[in-house]
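What follows is a single structure, written as structure tokens, with notes after it.
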Amino acid sequence: MERSSGPTKVSTRACLLAVALAAAGAAGVTPVFAADEVNQERLLNVDKEAGNWLHHHQNYAGHRFSTLKEINRDTVKNLKVAWTLHLGGIEPGGIWSHGGLEGTPIAENGFLYVTDGWGSVYKIDAHGGRGALVWKMDPKTDRDWAGAVACCGVDNRGVALWGDLVISHTLDGRLIATKKDSGQVAWQRSVADPDKGEVITGAPLIVKNMAITGVAGAEYGIRGWIAATDLSTQKEVWRTYTIPGKGEPGSETWKDNNNAMAAGGGSTWVTGTYDPATDTIIWGVGNPGPDWDNAYRPGDNLYTDSSLALDADTGKIKWHYQHTPNDPYDYDSVAENVLVDIPGPSGPRKLALEADRNGFAYAIDRTNGKFVWGLPFVKKVTWTKGLDPESGKPIEYDPNKSVQTYIASVTPSRTNMETDICPGNMGGKNWPPTAYNPDLKLWYIPVIESCNRIKVEVMTPDKLKPREFWTGGGPSQPFRITGSVTAIDVTTGKIAGKLETPFPNLGGMLATSDLVFTGQPSGEVMALDAKTLQKLWEFNTGGGVNAPPMTFSVDGKQYLAILVGLGGAWDKWFIDSTPELKKIQPGSMLYVFAL
Amino acid sequence: MMMSNKLPAAGMLLVSVVALNFSAYGQSAQVSDPTSAGKAVFGRANCMGCHKWHGNGGGGYGGDALSLRRTELTREQIIETVGCGRPGTGMPFFVRGAYDEVKCFDMNRQDAGPQMPPEGGTFLRPKDIEAVADYVIAHIKGAGEPTYAECVAFFSSSSRVCDVYKAESQKPDHATANTGKSQ
């Protein structure tokens, strides 16, 4: 459809709502798509269109790996800014003085689709070696309503494509379908409710005509969920709560008399992955609430801090693996699970990899949820002596105890009301995504090398109020926090390399055949050698990198794109650990590089 | 077909809701309130970033911001705290030159050392600080739990930020309001 390489004006809006979509309005009918439209076939076979980047995490397995080779170890030294585009969305709202950029651009046939923190979607024509805005869809997010209950910033991590629609979320809880050609909103639906402390920051995952949505709000007493919306009927197909209801399996892991599970947290704000072979969605679940007063919620608190495998058609839980039972640290397992196949003695091992806020990287057998290996990927872990080699549980974990204390002298509790923890409560590894090179079998983790101080507040049911923090304490930052890129050899489960960086990695990774790309909140975008992690190229954007790089091609030329604009939780809650970052200005800009 | 029906409807609904809220809430904004200048400062200096719009502050990621509703600080003490910040805490100072040419708690920057409070995102003139103190005394200090009327008076906008208090006032038991059982 839109293949013109000349300048596309915002005003020229060809309203070509395909016949196919009207037909898709009838439930259960498989939509018929025109050539440029995104369908399940294309989403399953993204390797056939290497110049595009169709999934939030590049492919269903979450690899964030590109086979484009024009920018490589030999040529990367010549990488230069090709063009930039200023975006908006840094307005204040709620408790936030400004928004930031955490999104991954989506690229299709020479057009980019990006979001800003308040959920505006921008379609950009990248033909001809420059970027021209085609349209902007501003969802008019209710900033005060949503911004007051967004624990960790004014964030939106990007869009997905389906049919001739761009699918996106807003912080105030909506799922929006925008017509790809015109930028007109086709329909929208409320999925999350900020009145309950629910907001949405993640990009949607598209599986078989459904948009899968995760929710944030474990710091505000939500009961977390993952929800699927039918993109033809706009109706909810399923909603799976990450905290079981009374009497359901797992409810026995909430042993209190306060009905803690009703506000038990378990957010799902990082986009998950999908294994088509078993029709399974794998999604990470965040911390229990209140975060630091784990005596309020005795028991293991399923399915918080877990990886969940869901049947894609029904949302039914197939298996779970919990990393930090009865978590007293705010050690989410909300991170993406990266799906990899490794040759084994009896055929390929099908693994799900997760780099946890608790400082450990895990490989789980994704056919049954069993632990395979785990190791610390941060330099300093103080809360446990390590993982049990059989179960993968922290060695000090005692299933007969209602309230876990792990290494009690450094664990926040009602008898240890102020203590220092390593990793700090941001991790480890936070939302910034990992990348995986399937040729080298190396997995690259964007690391926050950290400790911080936790003060516990004893919670009582009367303190639970709608739209108010439900954290049972709070962190402070008496220690300097740095970062690293840590590579893990997935065939051995051992660390293959670590490049230390002056600042925490708040952006995430991109892998290509012989390079990895990442950024720093102090402004640098860099390329590293995929095997040695030696730095081969660097450019300072003059802003704070808080988003992952991606790559695409148009007109036969490869480009590297990254959103730049420091926002998120860091510059409000954690900045004291990185004082130099106080001088980084709010900003909102897309950088695109080429040889 | 379903879709073509919904397109214009959704758009019009949004517009009309916005318009309604403007007119409804607009009337409740009291132009004659002598503390409205202080309310503006409360927003502009981002007091609400930690103390929240209702002043109750509270724990969470940002540490424990003082509850201005339960505070016993006098007008003069509030003025001093806004101007000089609170040493050893996250409460910033808002007077240009504090701890340099303007002594605070009898300390300069050197005396304060590691206790030095952060600098506010904006500097306030003495008149602004008095205004925000007057606003806190008149509308926040000593008030009970936040109400719908207070919220609407604060925001006087089209936001849904206050709806939760409306629902609250209709429910006898606040503690169960967010249990998620209704889902």
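The sequence lines fix the lettering, A, B, ..., with proteins before strands; numbering per chain opens at 1. Since the structure is predicted, the reported quantities are computational estimates derived from the model, not experimental observations.
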Practice prompt. For chain B, find which of A:Ser476, A:Pro194, A:Gly264, A:Gly473 contributes the most heavy-atom pairs closer than 4.5 angstrom.
Written response: A:Gly473
Discussion item. Quick check for you: among A:Asp330, A:Asp144, A:Ile243, which has the greatest number of heavy-atom pairs under 4.5 Å with chain B?
Written reply: A:Asp144
Worksheet, complete the sentence: If you tally heavy-atom pairs under 4.5 Å between each of A:Glu219, A:Lys455, A:Arg143 and chain B, the highest tally belongs to A:Glu219
Worksheet item: Which answer fits A:Asp172, side chain, backbone, both or neither, if we ask what part of it has an atom under 4.5 Å from a heavy atom of chain B?
Response: neither
Response to the item:
In this structure, CG of B:Asp163 is separated from CZ of A:Arg467 (nearest 0.5 Å) by 9.0 Å
Worksheet item: What distance separates A:Trp96 CH2 from B:Asn46 CG, expressed to the nearest 0.5 Å?
Response: 10.5 Å
Worksheet item: Can you tell me if CD on B:Glu72 sees more than 12 non-hydrogen neighbours from other groups inside 6.0 Å?
Response: no
Worksheet entry | Sequence neighbours excluded, every pair satisfying side-chain hydrogen bond (donor to acceptor under 3.5 Å, both in side chains) that has a member inside residues 73-100 of chain B | B:Thr74-B:Gln77, B:Arg75-B:Asp134, B:Asp100-B:Arg109
Worksheet item: CD/A:Glu468 to NE2/B:His54 distance, rounded to the nearest 0.5 angstrom?
Response: 3.5 Å
Worksheet entry | Side chain, backbone, both or neither of A:Trp292 within contact of chain B (heavy atoms, under 4.5 Å) | side chain
Worksheet item: Roughly how far apart are B:Met48 CE and A:Ile95 CD1, rounded to 0.5 Å?
Response: 9.0 Å
Fill in: Rounded distance [0.5 Å steps], NZ in A:Lys572 versus SG in B:Cys50
5.0 Å
Worksheet entry | Set of residues satisfying side chain to side chain contact (heavy atoms under 4.5 Å, CB included) with respect to A:Asn452, sequence neighbours excluded | A:Ile421, A:Asn425, A:Ile454, A:Pro475, A:Gln477, A:Phe574
Item to complete: Check for a donor-acceptor pair, side chain of A:Asp142 on one end and backbone N or O of B:Arg160 on the other, with a separation under 3.5 Å.
Response: yes
